[in-house]
Protein chains: 2
Amino acid sequence: MTDGSEDGADEKKPTARLGVREIAKRVGVAPMTVSRVLSNPDMVSPETRAKVLQAIEQAGFVPNRLASSMRGNGRMIGTVVPPLINSGIAEQVQGMSDECHESGYSMLLAQGEFTQEAEEKAIRTLLGWRPVGMILQSFVQSETARALLTSSGAPVVEISEIKGRKPLDMVVGVSNFETAYAMTMHLAAKGYKRIGFVSTPVHGNDRLQQRRTGYNAALAELGFKNRGDMEVEVPITAQGGAEALVTLTSRHKDIDAIFFSSDTLAVGAVQECHRRGWAVPGRIAIAGYGDIDLAAQLFPPLTTVKVNRYEMGRRAVRQLLARLGGDTKVPTITSLGFEIVDRDSA
Amino acid sequence: MTDGSEDGADEKKPTARLGVREIAKRVGVAPMTVSRVLSNPDMVSPETRAKVLQAIEQAGFVPNRLASSMRGNGRMIGTVVPPLINSGIAEQVQGMSDECHESGYSMLLAQGEFTQEAEEKAIRTLLGWRPVGMILQSFVQSETARALLTSSGAPVVEISEIKGRKPLDMVVGVSNFETAYAMTMHLAAKGYKRIGFVSTPVHGNDRLQQRRTGYNAALAELGFKNRGDMEVEVPITAQGGAEALVTLTSRHKDIDAIFFSSDTLAVGAVQECHRRGWAVPGRIAIAGYGDIDLAAQLFPPLTTVKVNRYEMGRRAVRQLLARLGGDTKVPTITSLGFEIVDRDSA
DNA sequence: CTGTTAGCGCGTTCAC
DNA sequence: GTGAACGCGCTAACAG
């Protein structure tokens with residue numbers, strides 16, 4: 001049944017499946033020895049080791065990590081992220097990926113901006129692979145998902161808002177409230193008195209919610225007015241930013257500054273200003289969030305909130321690995337700093 | 001040894017590991033029945049099925065895909081991609097991811113721009129997970145890696161240059177040669193006579209190599225000169241684009257157009273022009289590649305080459321799945337179209 | 001240092 | 001429609 005090409009003899013099937021077993025047979029040692037060469041080379045005598053390694057090389061043998069994982073030696077980290085396009089998430093993924101590979105782990109990726117059901121499904125799928133740890137890009141919404149995560153026993157890092165809801169396990173992030181509060185105050189300090197706020201849809205996104213809250217907290221403290229009419233939600237595209245600018249400036253003739261919750265939006269708005277011949281910040285000041293690569297090069301250079309997304313990704317993985325390494329006093333919450341980068345656009 | 005908390009009695013360990021076995025026991029059926037409920041529900045009587053599903057739900061059981069994979073029922077696709085930042089690759093990843101999840105597959109991601117050794121290592125790691133298929137973002141360089149891939153038996157899609165080296169298996173992509181040739185001709189047709197070319201480092205990147213070749217082929221056909229001094233390589237950042245603009249314009253006072261191999265670079269160059277008060281395209285024309293979201297919103301709107309990266313990602317996965325589904329006459333090469341988007345910057 | 005034994009969770013015969 | 005037994009590739013634990 002297996003292969004009809006050779007005689008029925010039981011010797012030397014040409015297609016014998018490659019495994020530690022087969023390698024062991026070829027070298028004349030026990031499978032366990034091969035396994036040790038792979039994971040604890042020091043426990044094997046140099047000569048044996050050399051012979052085994054050579055056989056492995058020559059056979060093109062790649063150890064089966066599925067089997068290792070089943071025996072409790074998993075090296076996979078599962079992660080679910082929002083859409084990569086325009087969002088700055090790409091840098092986080094890069095950071096996670098770099099850190100993972102440097103430590104010999106692989107990264108399983110699931111994507112989507114989530115309804116509770118979709119989030120739950122993604123998490124369920126990931127958990128099916130029995131990852132040794134999970135990294136999520138926001139607080140988990142669904143109760144079922146939280147239960148699943150907990151009972152999986154895998155450590156979890158949420159990259160999210162630092163304050164607020166009780167984390168499932170560990171959190172890495174910045175206080176979005178603080179950043180937005182700080183930027184709003186910064187704009188006020190520079191003399192702007194009518195400050196608008198533009199973001200992508202906040203529903204179900206605790207980071208954006210906190211930014212909006214921070215903005216409003218600052219306004220309240222300053223005694224500035226906002227009956228909700230200083231805020232707009234748009235899709236995360238340059239066009240969205242341009243449209244928000246139009247909406248807000250036509251709604252409020254005297255608006256003098258707009259704080260965008262994403263550099264992508266801010267860049268779009270600046271282009272719209274050029275198109276209309278409006279001076280930035282003369283006619284209207286523009287501030288962004290994220291400090292993307294383009295921000296410093298933009299004309300005029302963009303005032304923005306700098307958060308080190310790449311580092312956030314790395315940290316998340318590092319915390320996970322520390323916990324896995326048995327480090328019992330890994331911090332539950334890691335708050336990365338941020339910076340208000342004051343350039344010319346505001 | 002397993003758990004010291006309960007009495008030594010052999011009944012009802014509270015932490016009995018959850019598997020089909022355990023679910024089966026709770027419902028009072030055989031493990032196989034549970035398995036069938038999961039994969040071939042129709043083979044089980046409705047009442048039994050309902051009971052099983054309920055037990056699964058209530059226990060929070062997530063089937064172990066590692067085990068399924070070991071039995072030849074894998075649902076994982078491995079992929080190695082260049083850095084996500086600024087590169088437009090994010091859209092491809094999004095496309096792959098969407099298509100994967102819609103079809104019930106998971107995506108294992110490895111990253112890096114590659115030396116041969118790094119590429120080989122990444123591929124080896126991925127193959128360790130026994131993916132049912134692999135998607136690579138360029139032609140595989142290393143002979144060893146090619147051998148590994150081949151002997152793994154997994155179908156492979158290279159997202160790459162369409163023409164040139166013989167593909168390992170399947171290819172999805174555009175002809176970068178054609179696109180660059182077309183854009184260069186387009187610029188010439190609009191009257192530009194001194195056309196420069198800027199790209200990120202082409203070494204080891206067949207797509208960029210083909211773009212440069214296409215550009216040069218067009219120049220030659222047009223009778224335009226380029227002794228290599230009309231070309232510059234810079235990092236893939238907005239700043240890189242700005243610097244390339246400066247380099248090229250100071251080297252050639254009469255240069256009248258620059259074709260950037262990436263929109264990111266072109267956007268940076270346009271900002272530099274604003275800074276210098278140069279009219280675009282009056283003083284110098286700028287063309288990009290990729291048609292990123294910002295391109296259409298840029299001031300002035302960017303003339304660029306549009307390739308549907310998201311769709312490329314989806315197609316790659318679809319080809320893989322078609323092959324896996326037993327479709328024997330899956331095309332080996334899929335060439336997606338492209339479009340010269342003529343806007344105002346050139 | 002090396003070999004032996006047992007079993008991870010599931011799918012797959014092949015009987016009933 | 002259902003169940004029992006075996007094996008996938010690897011490795012922890014214990015001998016030798």
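Everything numeric in this text was worked out from a predicted model, so none of it was measured. Each chain gets a letter, A, B and so on, in the order the sequences are listed, and its residues count up from 1.
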Participant: Could I get the full list of side chain to side chain contact (heavy atoms under 4.5 Å, CB included) partners for B:Pro331, not counting sequence neighbours?
Facilitator: B:Gln319, B:Thr334
Participant: Mind jotting down which residue pairs meet the salt bridge (charged side-chain N to carboxylate O under 4.0 Å, His left out) criterion with at least one end in residues 55-79 of chain B? Sequence neighbours excluded, please.
Facilitator: none
Participant: Can you tell me how far P of C:dC10 sits from CZ of B:Arg75, to the nearest Å?
Facilitator: 16 Å
Participant: Does anything in residues 39-48 of chain B pair up under side-chain hydrogen bond (donor to acceptor under 3.5 Å, both in side chains), and if so which pairs, sequence neighbours excluded?
Facilitator: B:Ser45-B:Thr48
Participant: At under 4.0 Å between heavy atoms, which parts of nucleotides 3-11 of chain D does protein reach? Answer with one letter per nucleotide, 5' to 3': B base, S sugar-phosphate only, - none.
Facilitator: B---BBBBB
Participant: Does A:Arg124 have any salt bridge (Lys or Arg N to Asp or Glu O under 4.0 Å) partners at least two apart in sequence or in another chain, and if so, which?
Facilitator: A:Glu120
Participant: For DNA chain C, which residues in residues 42-49 of chain B have a heavy atom at a distance below 4.0 Å?
Facilitator: none
Participant: At their closest point, which heavy atom of B:Ala154 faces which heavy atom of B:Pro131, and how far apart are they?
Facilitator: CB-O, 3.9 Å
Participant: Going by side chain to side chain donor-acceptor pair (under 3.5 Å), name the residues that satisfy it together with A:Asn64, two or more places apart in sequence or in a different chain.
Facilitator: none
Participant: Name all pairs fulfilling the salt bridge (charged side-chain N to carboxylate O under 4.0 Å, His left out) condition that reach into residues 321-331 of chain B, sequence neighbours left out, sorted by first residue then second.
Facilitator: B:Asp169-B:Arg323
Participant: Excluding sequence neighbours, so at least two apart, what forms side chain to side chain donor-acceptor pair (under 3.5 Å) with A:Arg315?
Facilitator: A:Glu311
